[in-house]
Amino acid sequence: KVKNAMHTLHNFWFSGWGFDKLYDTLFVKPFVFVALINKNDVIDKLYSALVSIASALNRLFAFSQSGILRWYVMGIVVGAILILTIGIFINLFKI
């Protein structure tokens, strides 16, 4: 009897008190509207350029990987020798 007498109030209570419609109206629709207006802004282009640069560097550095561990170790040893040599020369010729 109560359901039939207060049909509108019953629907309001059992539909989550209209929270979904309120949330959609106050937050979702304005956010989607602003996002559609601002979809080609400068910040997106900046991040797209950053992704392109990172992809290009990845392709460039991928060529230097041979998978042979001896070459990697040799590169580390040669680099360490160069750094030590430069350090020794700097200390020898220090005034």
Side-chain angles (χ1 to χ4, degrees):
K1 291 181 180 182
V2 174
K3 182 178 175 183
N4 292 334
M6 301 180 147
H7 183 66
T8 305
L9 186 60
H10 179 269
N11 286 339
F12 177 71
W13 281 341
F14 283 97
S15 68
W17 295 23
F19 182 77
D20 290 339
K21 184 173 174 79
L22 178 69
Y23 186 84
D24 189 51
T25 303
L26 289 178
F27 297 109
V28 175
K29 287 183 181 178
F31 183 81
V32 169
F33 176 73
V34 170
L36 288 175
I37 290 174
N38 199 25
K39 70 178 179 180
N40 290 324
D41 67 337
V42 176
I43 302 299
D44 285 342
K45 293 183 190 227
L46 177 71
Y47 284 116
S48 296
L50 187 63
V51 168
S52 298
I53 291 169
S55 295
L57 288 174
N58 178 35
R59 284 191 299 274
L60 179 70
F61 290 136
F63 287 122
S64 68
Q65 294 182 354
S66 63
I68 301 173
L69 186 62
R70 284 185 237 159
W71 283 99
Y72 297 152
V73 172
M74 186 182 73
I76 292 170
V77 169
V78 169
I81 291 171
L82 284 173
I83 289 173
L84 289 173
T85 305
I86 291 171
I88 290 171
F89 278 125
I90 288 174
N91 283 331
L92 283 177
F93 297 112
K94 193 187 322 185
I95 297 176

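The chain is numbered in sequence order, starting from 1.
Note on Phe19: it clusters hydrophobically with Leu26, by side-chain heavy-atom contacts below 4.5 Å among ILVMFWY residues. Hydrophobic clustering, with ILVMFWY side chains joined whenever heavy atoms are under 4.5 angstrom apart, keeps Ile76 apart from Trp71. Following chains of ILVMFWY side-chain contacts shorter than 4.5 Å, one can reach Leu82 starting from Met74, so the two form part of one hydrophobic cluster. In this structure, Tyr23 is not a member of the same hydrophobic cluster as Val34, with clusters built from ILVMFWY side-chain heavy atoms closer than 4.5 Å.
Under the side-chain contact (heavy atoms from CB on, under 4.5 Å) test applied with Ile81, the options Leu84, Val78, Thr85 reduce to a single match, Thr85.
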Please table the atom pairs, donor to acceptor, closer than 3.5 Å between any side-chain atom in residues 43-63 and protein atoms at least two apart or in another chain.
residue, atom, partner, partner atom, Å
Ser48, OG, Asp44, O, 2.9
Ser52, OG, Ser48, O, 3.1
Ser55, OG, Val51, O, 3.0

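The structure places CG of Leu36 at 10.0 Å from CZ of Phe31, a figure rounded to the nearest 0.5 Å.
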